[in-house]
A.B. asks: 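Quick one: the structure is below, and I'll ask about it shortly.
Residue indices begin at 1 and follow the sequence shown.
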Amino acid sequence: MTAKHYGTTEEKNAFWDESSNLKAWSVINGSNISLDASKKTLAGRVSFDKSGKSGLNRAGIVYDASNEDGSPVDLSENSDGLCITYQSDFDVEVRLDDGEYTKSSVDSDLPFASFTTKENGKESYCVTWKDFMMKDSDSDGSSFAKKVRSVQIIFVGESGSSGKFDIQRLAPYTRWEMWWSKIDINHVKTGFDEGDEGTAGEWTYFGDSAEAYIEFAYGGEFEPTDGGYIGNVIFTGSSSNPDVGLQFLVAGKSTENGTEVIHSADVSTKWKGICLEYESQMDIEMQLVPENANENNILKLTFAKNDDVNDTTHSTEDESKRASHMETKCYKFADVPNSETVLKKLTTVRLKFVKENNSGTLFTVNRISYLMPENLAVNNVGDYKDVKPTESSDHKSGKSFLWNGAKDGDQVDLGISGATAGGIWTNTFEADEIFNYNFPDDVEYDEDGNAIPSLVSKYHEFTMYVKTDEGSIDLDSIASIGFNTVSSNMDPADISAWGGFCIHYSTYNYIRIVIVTDYDANKYWYADVDYSDDKVWGKVSWDAFKNIDEESNEKIEDVVGKVTRVQLQFLTDGENIIDRFGSYDQCGE
């Protein structure tokens with residue numbers, strides 16, 4: 001077998017970037033598989049001989065996921081698992097191997113996740129790393145995912161049979177951030193606002209003070225710090241199971257004519273699981289409450305205590321002295337009985353603190369997120385708006401484009417005829433006294449101060465830790481990566497057909513997308529995509545863009561027909577990663 005290295009650990013943590021790495025997959029020795037090179041997906045035909053034991057045979061393909069020096073990669077670093085979109089005449093196993101890919105065998109006992117025969121490939125099926133099990137062992141794949149050298153896809157079929165397969169996507173299982181105290185304060189982004197303004201996602205406190213109440217840290221007020229909701233539960237009554245904790249409404253509530261109505265939402269298509277980042281000396285019972293709830297149909301998920309009472313002080317006033325036990329735990333709803341019914345009419349998410357004898361009562365709740373397929377993780381910025389330009393350049397863009405760092409290098413195909421030097425990514429010249437990109441150490445700058453060719457050839461994405469003085473609006477004084485639409489002279493182009501942009505990114509704070517009409521005069525419009533710890537899609541419509549000149553009467557219709565340059569700006573300190581960028585309709589592709 002032969003395999004091809006496509007980058008460093010950062011790029012390989014996704015281990016298959018859609019169609020870009022198809023040539024890196026090889027047929028495992030002894031497998032009768034023919035790959036179909038004519039398709040843009042990982043497709044082919046499997047044929048089994050008649051010698052299989054128990055009437056079953058296995059055949060497979062393998063991907064070399066290791067670093068260039070042969071060392072293993074940590075697939076769990078940027079993902080809680082994987083999602084697969086596929087069509088197959090056979091059952092499919094995805095395996096993780098810590099050995100060399102050249103020694104791969106379909107008969108090895110490796111951690112695997114199994115997927116059944118599937119006639120179409122439209123829906124993603126997702127598994128966490130814990131779902132990867134070994135046939136002859138009780139251990140799961142959580143630790144194994146941290147030391148992977150190769151990934152196998154194995155087809156299981158009856159002896160003498162043959163059939164087709166089409167693997168359309170193998171991608172990370174993304175945690176979609178709903179609430180992080182540092183950014184969101186006291187409001188959860190549920191994405192299902194239906195009630196009165198501000199009622200969806202607002203954290204509230206519940207409890208009968210005669211039985212239990214919470215002393216919150218730093219002054220005792222019910223509000224989160226940068227570190228989350230921090231407090232100490234005081235159990236005062238005789239009840240063995242008092243009701244005390246935090247909660248929010250998923251879709252909100254409405255009040256009309258003195259009557260309050262709590263709305264429900266169908267979250268089942270998006271919420272494939274739920275995660276909590278916390279530390280606690282008590283179990284935390286997450287209660288998912290459906291419409292018309294009773295005690296029997298509330299979904300209850302236990303997040304076990306993880307903070308030893310003997311390892312801490314007993315004061316919420318001095319959190320710095322407490323040993324940190326913060327961790328993130330997730331539940332996958334496919335493994336939770338009756339979850340589908342609850343998720344279709346969900347009204348409330350509650351975090352109840354469970355009373356236990358001889359235990360401490362301190363807690364910190366810092367983040368809450370849900371699991372979803374990576375291609376569905378889309379952060380919408382603005383509503384879609386079809387914009388007709390008031391004036392239009394002779395250089396007109398095509399409707400769609402998508403730059404993929406894993407295969408396109410520093411060149412973007414914008415579909416603009418006559419564009420002699422458009423679509424070439426470059427970075428603003430670095431200025432030590434104003435900003436630094438802090439690209440990885442092995443990235444080299446050319447004679448013009450451009451690091452992008454070196455960066456994408458080695459990392460297949462824009463990755464940097466920007467340091468900046470912040471506050472500037474001058475195009476020459478902002479850390480940015482961008483491309484001219486037509487030429488080095490910055491001739492204008494009509495890009496209205498794009499409808500806006502999509503960007504696949506993660507960022508410590510935010511990334512600004514900019515369309516420039518006159519670089520020298522500092523005339524441009526901008527829109528921001530916000531913080532995300534995991535890579536997500538940002539879908540940014542023309543409606544979201546604002547004029548940097550707040551006094552101008554210019555409208556977006558006056559702008560999109562004469563754009564000279566597109567930029568990604570990094571205006572705050574922190575890490576930024578972008579591996580795909582394209583037109584509005586390409587998000588999730």
A.B. asks: What residue among Y584, Y526, F545 forms side-chain contact (heavy atoms from CB on, under 4.5 Å) with V540?
C.D. replies: F545

A.B. asks: Any luck finding a side-chain donor-acceptor pair between T302 and D283 under 3.5 Å?
C.D. replies: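 T302 vs D283: no donor-acceptor pair found between side chains.
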
A.B. asks: Quick one: are Y505 and N576 in side-chain contact, heavy atoms under 4.5 Å?
C.D. replies: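 Result no, sub-4.5 Å side-chain heavy-atom pair not found.
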
A.B. asks: Is the terminal nitrogen or CZ of K146 (NZ for Lys, CZ for Arg) located under 6.0 angstrom from the six-membered ring centre of F144 and within 45° of that ring's axis?
C.D. replies: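 No cation-pi geometry.
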
A.B. asks: Evaluate the side-chain proximity of F235 to V244: yes if any heavy-atom separation is below 4.5 Å, no if none is.
C.D. replies: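 SC-SC contact between V244 and F235 confirmed.
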
A.B. asks: How about K164: does its NZ atom have over 12 heavy atoms from other parts shown lying under 6.0 Å from it?
C.D. replies: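 No, NZ of K164 has 12 or fewer neighbouring heavy atoms, counting only those of other groups under 6.0 Å.
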
A.B. asks: Ignoring hydrogens, what is the shortest heavy-atom contact between T236 and A210? Give both atom names and the distance.
C.D. replies: OG1-O, 3.1 Å

A.B. asks: Looking at Y384, is its backbone amide N or carbonyl O close enough to the side chain of D543 to form a donor-acceptor pair, meaning the two atoms are under 3.5 Å apart?
C.D. replies: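 Looks like no, no N/O pair under 3.5 Å.
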
A.B. asks: For N366 and W180, run side-chain contact (heavy atoms from CB on, under 4.5 Å): C-alpha distance rounded to whole Å, both residues' side-chain angles, the deciding distance at 0.1 Å, then the answer.
C.D. replies: CA-CA 6 Å; N366 192 35; W180 181 29; 3.7 Å; yes

A.B. asks: Looking at Y370, is K272 sitting on its ring face, NZ or CZ under 6.0 Å from the six-membered ring centre and within 45 degrees of the normal?
C.D. replies: no

A.B. asks: Would you check if W203 and V188 make a side-chain contact, meaning some heavy-atom pair closer than 4.5 Å?
C.D. replies: yes

A.B. asks: Mind checking ring-ring contact (aromatic ring centres under 6.0 Å, His included) for F90 and listing every partner two or more places apart, or none if nothing turns up?
C.D. replies: F48

A.B. asks: Report the C-alpha separation of L276 and I274 in whole Å, then their side-chain angles, then the decisive distance to 0.1 Å, and conclude whether the side-chain contact (heavy atoms from CB on, under 4.5 Å) test is met.
C.D. replies: CA-CA 7 Å; L276 185 69; I274 198 159; over 6 Å; no

A.B. asks: Is any side-chain N of the basic residue among K344 and E291 closer than 4.0 Å to the acidic one's carboxylate O?
C.D. replies: no

A.B. asks: Using a 3.5 Å distance criterion without hydrogens, assess whether the side chain of T361 forms a donor-acceptor pair with backbone atoms of V233.
C.D. replies: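 Such a contact is found between T361 side chain and V233 backbone.
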
A.B. asks: Can you spot which of D579, I513, V381 makes a side-chain contact (heavy atoms from CB on, under 4.5 Å) with I503?
C.D. replies: I513

A.B. asks: Looking at K535 and E461, is any side-chain nitrogen of the basic one under 4.0 Å from a carboxylate oxygen of the acidic one?
C.D. replies: yes

A.B. asks: Looking only at atom types and distance, does a side-chain atom of T225 sit under 3.5 Å from a main-chain N or O of G228, one as donor and one as acceptor?
C.D. replies: yes

A.B. asks: Tell me, do Y86 and L170 make a side-chain contact under 4.5 Å, heavy atoms counted?
C.D. replies: no

A.B. asks: Is T41 reaching over with its side chain to a backbone N or O of Q168, donor-acceptor style, under 3.5 angstrom?
C.D. replies: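 Judged by distance alone, no pair lies under 3.5 Å.
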
A.B. asks: Hey, are D91 and T116 close enough side-chain-wise for a donor-acceptor pair under 3.5 Å?
C.D. replies: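 On atom types as modelled, these side chains do not qualify, holding no pair under 3.5 Å.
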
A.B. asks: Give a yes or no on whether the backbone of F333 and the side-chain of S339 come within a donor-acceptor separation of less than 3.5 Å.
C.D. replies: yes

A.B. asks: Do any N or O atoms from the side chain of S583 and from the backbone of W498 form a donor-acceptor pair under 3.5 angstrom?
C.D. replies: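 Such a contact is absent between S583 side chain and W498 backbone.
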
A.B. asks: Count the heavy atoms of every other residue, nucleotide or ligand shown that sit under 6.0 Å from OH of Y508, and state whether that count exceeds 12.
C.D. replies: no

A.B. asks: May I ask you to check whether over 12 heavy atoms, not counting those of K345, lie within 6.0 Å of atom NZ?
C.D. replies: no

A.B. asks: Can you check whether Y63 and W25 have ring centres sitting under 6.0 Å from each other?
C.D. replies: yes

A.B. asks: Regarding D528 and R512, does a basic nitrogen lie under 4.0 Å from an acidic carboxylate oxygen?
C.D. replies: yes

A.B. asks: Would the distance check show the side chain of T364 and the main-chain N or O of Y278 forming a donor-acceptor pair, the cut-off being under 3.5 Å?
C.D. replies: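 Between the backbone of Y278 and the side chain of T364 there is no qualifying donor-acceptor contact (under 3.5 Å).
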
A.B. asks: Is any side-chain heavy atom of D585 closer than 4.5 Å to a side-chain heavy atom of K399?
C.D. replies: yes

A.B. asks: Would you say that L371 contacts C330 through its side chain, given a criterion of any heavy-atom pair below 4.5 Å between the two side chains?
C.D. replies: yes

A.B. asks: T507 and V529: which non-hydrogen atoms are nearest, and at how many Å?
C.D. replies: CG2-O, 4.5 Å

A.B. asks: Any donor and acceptor pair, going by atom type alone, linking the side chain of T328 with main-chain N or O of E277 inside 3.5 Å?
C.D. replies: no

A.B. asks: Return the orientation label for the Y205 and F216 ring planes: parallel under 30°, perpendicular over 60°, tilted otherwise.
C.D. replies: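 Correct class here is perpendicular.
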
A.B. asks: Only one of E279, E327, Q281 passes side chain to side chain donor-acceptor pair (under 3.5 Å) with N306; say which it is.
C.D. replies: E327

A.B. asks: In sequence, state the C-alpha distance, the side-chain angles, and the governing distance for W542 and F501, and then conclude on ring pair (Phe, Tyr, Trp, His ring centres under 6.0 Å).
C.D. replies: CA-CA 8 Å; W542 293 138; F501 298 97; 5.5 Å; yes

A.B. asks: With side chains defined as the heavy atoms from C-beta onward, is the minimum distance between N186 and E223 less than 4.5 Å?
C.D. replies: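 N186 does not reach E223 side chain to side chain.
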
A.B. asks: So, does H187 use its side chain to make a donor-acceptor pair with the main chain of A200 at under 3.5 Å?
C.D. replies: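 Checking the backbone N and O of A200 against the side chain of H187, a donor-acceptor pair under 3.5 Å is found.
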
A.B. asks: Under 3.5 Å, is there a donor-acceptor pair between the Q287 and R350 side chains?
C.D. replies: yes

A.B. asks: What are the two closest heavy atoms between A265 and V250, and how far apart are they?
C.D. replies: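 In terms of heavy atoms, the two residues are closest at CB-CG1, 4.1 Å.
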
A.B. asks: For the pair T204 and F248, evaluate side-chain contact (heavy atoms from CB on, under 4.5 Å) and give the outcome as yes or no after the intermediate values.
C.D. replies: CA-CA 6 Å; T204 58; F248 61 87; over 6 Å; no

A.B. asks: Once side chain to side chain contact (heavy atoms under 4.5 Å, CB included) is applied, do any residues pair with N294, and if so which ones, sequence neighbours excluded?
C.D. replies: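 Scan of N294 (side chain to side chain contact (heavy atoms under 4.5 Å, CB included), adjacent residues dropped) gives N296, N297.
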
A.B. asks: Answer yes or no: are there more than 12 heavy-atom neighbours, outside K253 itself, under 6.0 Å from its atom NZ?
C.D. replies: no

A.B. asks: Work out which heavy atom in A293 is nearest to a heavy atom in V289; give both atom names and the distance.
C.D. replies: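 Answer, listing the atom of A293 first, then V289: CB-CG1, 3.4 Å.
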
A.B. asks: Walk me through it: do F115 and I153 pass the test side-chain contact (heavy atoms from CB on, under 4.5 Å)?
C.D. replies: CA-CA 11 Å; F115 304 88; I153 298 178; over 6 Å; no

A.B. asks: Could you report the tightest heavy-atom contact between Y331 and V336, atom names first, then the distance?
C.D. replies: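 Reported closest heavy-atom pair: CD2-CG2, 4.4 Å.
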
A.B. asks: For atom CG of D266, decide whether the heavy atoms of other residues, nucleotides or ligands shown that lie under 6.0 angstrom number more than 12.
C.D. replies: yes

A.B. asks: Go through the side-chain N and O atoms of N257 and T259 and say whether any donor and acceptor fall under 3.5 Å apart.
C.D. replies: no

A.B. asks: Check whether S268 reaches the backbone of L343 with its side chain - one donor and one acceptor, N or O, closer than 3.5 Å.
C.D. replies: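 Such a contact is absent between S268 side chain and L343 backbone.
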
A.B. asks: Is there a side-chain contact between F303 and L351 (heavy atoms, below 4.5 Å)?
C.D. replies: no

